[in-house]
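We number each residue from 1, following the sequence as shown. Since this is a predicted model, take the numbers as computed values, not measurements.
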Amino acid sequence: MIPLDTRRLFRAEFPALPDRAAAVRRMVAGHLRDWRLGAIVDHVVLATNELFANAVEHGSSGPADTVTITVSLERFGRELRVEVADGSPVVPVARTPEPTEESGRGLAIVEDLAADWGTEPPDPGVRGKKVWFTLPLVATS
């Protein structure tokens with residue numbers, strides 16, 4: 001585990017294409033392992049993957065669009081926050097799909113894995129929105 005008084009941040013932009021999901025997963029996992037946060041890699045990668053898939057499917061107008069992934073340690077290392085920004089201002093809504101439906105569970109997965117999640121406006125001068133989730137970090141001795 002990295003020291004609790006350390007702040008970390010990385011941001012990457014990806015084309016809004018479904019075949020970029022594997023690269024997103026590898027990037028997030030690699031940074032978390034570099035930060036010695038291997039214990040939470042699986043949860044963070046799965047939740048990030050769900051938000052990326054939603055951004056590609058519902059938040060982009062085509063392959064020229066991009067999706068920005070930001071992962072940061074906030075509050076002096078006590079919380080990990082992941083943001084996925086896309087170009088659509090439409091806020092995602094969690095739904096309850098029928099058991100036979102093949103999609104519609106992404107936000108429920110994020111809600112189950114994360115301590116908290118939500119949406120917020122994009123950075124100034126950028127169109128769209130951010131969807132984020134947080135996970136608390138527990139200090140190890």
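Atom OG1 of Thr68 is separated from atom CD of Glu13 by 4.0 Å, given to the nearest 0.5 angstrom. With rounding to the nearest 0.5 angstrom, the CG atom of Leu107 is 7.0 Å from the CG atom of Leu51. Separation of atoms CZ (Arg25) and CD1 (Ile69) is listed at 11.5 Å; rounding is to 0.5 Å.
For Val56 against Ala16, the heavy-atom pair with the smallest separation is CG1-O, 3.7 Å. The two atoms that bring Ala47 and Val110 nearest to each other are O-CG2, 3.7 Å, heavy atoms only. The minimum heavy-atom distance between Gly128 and Pro122, with the atom names listed, is O-CD, 3.1 Å. Scanning all heavy atoms of the two residues, the minimum distance from Pro92 to Val131 falls at CG-CG2, 3.8 Å. The minimum heavy-atom distance between Ala21 and Asn49, with the atom names listed, is CB-OD1, 3.6 Å.
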Practice task
Take Trp132 and Asp116, measure what side chain to side chain contact (heavy atoms under 4.5 Å, CB included) needs, and give me the verdict at the end.
Solution key: CA-CA 8 Å; Trp132 56 266; Asp116 196 13; 3.4 Å; yes

Practice task
Please lay out, stage by stage, how Thr48 and Phe133 fare under the test side chain to side chain contact (heavy atoms under 4.5 Å, CB included).
Solution key: CA-CA 9 Å; Thr48 303; Phe133 69 88; 3.5 Å; yes

Practice task
Check the pair Arg127 / Asp65 against salt bridge (Lys or Arg N to Asp or Glu O under 4.0 Å), numbers first and verdict last.
Solution key: CA-CA 11 Å; Arg127 65 180 177 84; Asp65 283 351; 3.5 Å; yes

Problem - Test log, rule side chain to side chain contact (heavy atoms under 4.5 Å, CB included), inputs Arg33 and Val41 - result: CA-CA 7 Å; Arg33 287 187 183 106; Val41 166; 3.7 Å; yes

Problem - Derivation and outcome, side chain to side chain contact (heavy atoms under 4.5 Å, CB included), residues Val71 and His31 - result: CA-CA 9 Å; Val71 180; His31 279 283; over 6 Å; no

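Partners of Arg11 under the salt bridge (charged side-chain N to carboxylate O under 4.0 Å, His left out) rule, at least two apart in sequence or in another chain, do not exist in this structure. Taking Asp123 as the reference, Lys130 meet the side-chain hydrogen bond (donor to acceptor under 3.5 Å, both in side chains) condition, with sequence neighbours excluded.
When the side chains of ILVMFWY residues are joined at heavy-atom separations under 4.5 Å, either directly or via intervening members, Leu135 and Trp35 end up in a single hydrophobic cluster. In the hydrophobic clustering of this structure, Leu46 does not group with Leu80; members are Ile, Leu, Val, Met, Phe, Trp, Tyr whose side-chain heavy atoms approach within less than 4.5 Å, directly or through other members. Cluster membership for Val28 and Ile40, using ILVMFWY side-chain heavy atoms within less than 4.5 angstrom, is shared. No chain of hydrophobic side-chain contacts below 4.5 Å, direct or via other Ile, Leu, Val, Met, Phe, Trp or Tyr residues, connects Val45 to Leu113. The hydrophobic cluster containing Met27 also contains Leu32, counting ILVMFWY residues as joined when their side-chain heavy atoms lie under 4.5 angstrom apart, directly or transitively.
No more than 12 heavy-atom neighbours from other residues, nucleotides or ligands sit within 6.0 angstrom of CG on Asp42. Other residues, nucleotides and ligands place more than 12 heavy atoms under 6.0 Å from the CZ atom of Arg105.
Between the side chain of Lys129 and the main chain of Ser88, a donor-acceptor pair closer than 3.5 Å is present.
Relative ring orientation between Phe14 and Phe52 is described as perpendicular, the plane-to-plane angle rising above 60° on a 0-90° scale split at 30° and 60°.
Between Glu83 and Arg81 there is a salt bridge, since a side-chain N of the basic residue sits under 4.0 Å from a carboxylate O of the acidic one.
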